[in-house]
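All ligand and atom numbering here is 1-based and tracks the order in the structure. These numbers come from a predicted model, not from an experiment.
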Amino acid sequence: MSKKKEVQIGVLAVQGDVLEHVNMMNEVLEKKGIKSKTILVRKPEQIEQLDGLIIPGGESTVMSRLVSEMRFDNKLVNTIREKVKNGMAILGTCAGTIMLSKTSKDHVVKDFSQVILELMDIDVIRNKYGRQQVSFELPITIEGFGKQPFPGVFIRAPVITSVGKNVDILARNSEEIFAAKQGKLLAATFHPELTDDMRFHEYFLNLILS
Ligand code: GLN
């Protein structure tokens, strides 16, 4: 891991639980002695300066609509895709995982049209546990996090149903995949930013710096 003292991380701030990610990431940066602060990303130009982007949880259909708005002329989506080719890392949580996926289906209406980034070779089903306020907590074991389980907070969560061969599964049960990694792309169907456990964000920072 290179010892970089500056690292620019941004949270896509069009919709969702943006500030929780900003706060947790800033805490992690501070703990590592890195001076940089996490920025709110709302414009395509801001993507250019990033080493890492977080796509938060929220409502992916709304997020899709906002990132593909006419005023961006596809620039936001295209810039993110281009930057990933040049090594930018992305962490997607919950709706962010849907945005990262190659294919996304809805649990009830199955096929529906939604702009997604199609960057990660994962297939996702939205609202797998129901579409109302279904939320639950589940301690999960994450690869590389040691014995202590991670508090999985699931809110109208998707599931990852299958992954390509270049994707590492980081957390799963017998039927469902909760977290996965492909190169510098990291996806979780739960919300690490809504817990006191900073290990997932630390993992993301290490991925950026690797
Ligand atoms: N159900 C939401 C969606 O489909 C995701 C929920 C969340 O991010 N907590 O986008």
Side-chain angles (χ1 to χ4, degrees), residues 9-25 38 40-42 52-69 72 76-77 80 89-140 142 150-163 170-173 175-181 185-201 203-204:
I9 301 176
V11 181
L12 186 66
V14 293
Q15 196 267 337
D17 62 342
V18 172
L19 289 180
E20 289 82 352
H21 274 295
V22 170
N23 292 340
M24 185 166 270
M25 204 65 237
T38 308
L40 300 180
V41 173
R42 297 207 171 92
L53 173 69
I54 298 176
I55 307 181
E59 177 50 54
S60 64
T61 50
V62 178
M63 232 180 264
S64 295
R65 211 171 55 229
L66 293 171
V67 295
S68 56
E69 267 183 358
F72 291 134
L76 191 55
V77 168
I80 294 173
I90 302 188
L91 163 63
T93 60
C94 203
T97 285
I98 299 170
M99 295 299 291
L100 274 176
S101 67
K102 182 186 68 181
T103 72
S104 144
K105 287 194 164 132
D106 186 277
H107 187 50
V108 177
V109 297
K110 309 289 180 214
D111 290 307
F112 71 110
S113 119
Q114 176 179 21
V115 174
I116 50 176
L117 294 165
E118 297 169 57
L119 285 167
M120 241 181 123
D121 198 2
I122 57 175
D123 301 306
V124 164
I125 297 186
R126 296 177 61 226
N127 298 319
K128 180 63 202 310
Y129 310 98
R131 50 175 62 240
Q132 297 306 317
Q133 290 300 333
V134 178
S135 59
F136 57 93
E137 276 192 54
L138 185 72
I140 49 182
I142 301 181
F150 193 87
V153 172
F154 294 82
I155 303 170
R156 292 179 298 116
V159 296
I160 301 170
T161 50
S162 57
V163 303
L170 301 179
R172 68 171 311 150
N173 67 12
E175 286 130 61
E176 295 152 350
I177 298 164
F178 304 129
K181 177 175 96 72
L185 305 176
L186 183 61
T189 60
F190 50 92
H191 288 270
E193 74 285 6
L194 299 183
T195 70
D196 293 330
D197 196 323
M198 302 201 294
R199 284 179 292 167
F200 213 82
H201 287 69
Y203 185 91
F204 182 54

Engineer: Among all the protein's non-hydrogen atoms, which is closest to atom 7 (C) of ligand 1, and how far away is it?
Structural biologist: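 Heavy-atom neighbour on the protein nearest atom 7 (C) of ligand 1: Cys94 SG, 2.8 Å.
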Engineer: Taking the side chain as every heavy atom from C-beta outward, state whether Leu170 and Tyr203 have any atom pair closer than 4.5 Å.
Structural biologist: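 Yes, their side chains come closer than 4.5 Å.
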Engineer: Can you name the atoms of ligand 1, numbered from 1 with element, that are less than 4.0 Å from a heavy atom of Ile98?
Structural biologist: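 Reading through ligand 1 atom by atom, the close ones are 3 (C), 4 (O), 10 (O).
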Engineer: Does ligand 1 come near enough to Ala157 that some N or O of the ligand is less than 3.5 Å from an N or O of the residue?
Structural biologist: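 It does not: no N or O of Ala157 is found under 3.5 Å from an N or O of ligand 1.
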Engineer: Within ligand 1, which atoms have a heavy atom of Gly57 less than 4.0 Å away?
Structural biologist: 8 (O)
Engineer: Starting from atom 6 (C) of ligand 1, locate the nearest protein heavy atom and write down its residue, its atom name and how far away it is, to 0.1 Å.
Structural biologist: Gly58 O, 3.2 Å
Engineer: Closest heavy-atom contact between Tyr129 and Pro158?
Structural biologist: CE1-O, 4.1 Å
Engineer: Students should be able to answer this: which protein heavy-atom is nearest to atom 4 (O) of ligand 1, and at what distance?
Structural biologist: Arg126 NE, 2.7 Å
Engineer: Within the 4.5 Å heavy-atom criterion, are Gln15 and Arg65 side-chain neighbours or not?
Structural biologist: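 Result no, sub-4.5 Å side-chain heavy-atom pair not found.
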Engineer: So, regarding Thr93 and ligand 1 (criterion: nitrogen or oxygen to nitrogen or oxygen, under 3.5 Å), is there a contact or not?
Structural biologist: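 No, since none of the N or O atoms of Thr93 sits under 3.5 Å from an N or O of ligand 1.
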Engineer: Just need the protein heavy atom nearest to atom 1 (N) of ligand 1, so name the residue and atom and give the distance.
Structural biologist: Asn127 OD1, 2.7 Å
Engineer: Test Asp123 against Thr161 for side-chain hydrogen bond (donor to acceptor under 3.5 Å, both in side chains), laying out the working first.
Structural biologist: CA-CA 6 Å; Asp123 301 306; Thr161 50; 5.1 Å; no
Engineer: What I'd like to find out is whether the side chain of His21 reaches to under 4.5 Å of the side chain of Thr93, using heavy atoms alone.
Structural biologist: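 SC-SC contact between His21 and Thr93 confirmed.
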Engineer: Any side-chain heavy atom of Leu117 within less than 4.5 Å of one from Ile55?
Structural biologist: yes
Engineer: Check contact between Met63 and ligand 1, using heavy atoms of the residue and a distance below 4.0 angstrom.
Structural biologist: no
Engineer: Which atom pair, heavy atoms only, marks the closest approach of His201 to Met25?
Structural biologist: O-CE, 3.6 Å
Engineer: Less than 3.5 Å between some nitrogen or oxygen of Ile155 and one of ligand 1, yes or no?
Structural biologist: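 Yes; at least one N/O pair falls below 3.5 Å.
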Engineer: Would you give the length of the straight line joining atom CG of Leu12 to atom CD1 of Ile80, rounded to the nearest 0.5 angstrom?
Structural biologist: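 CD1 of Ile80 is found 5.5 Å from CG of Leu12.
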Engineer: Give me the nearest non-hydrogen protein atom to atom 10 (O) of ligand 1 as residue plus atom name, then the distance to 0.1 Å.
Structural biologist: Ser60 N, 2.6 Å
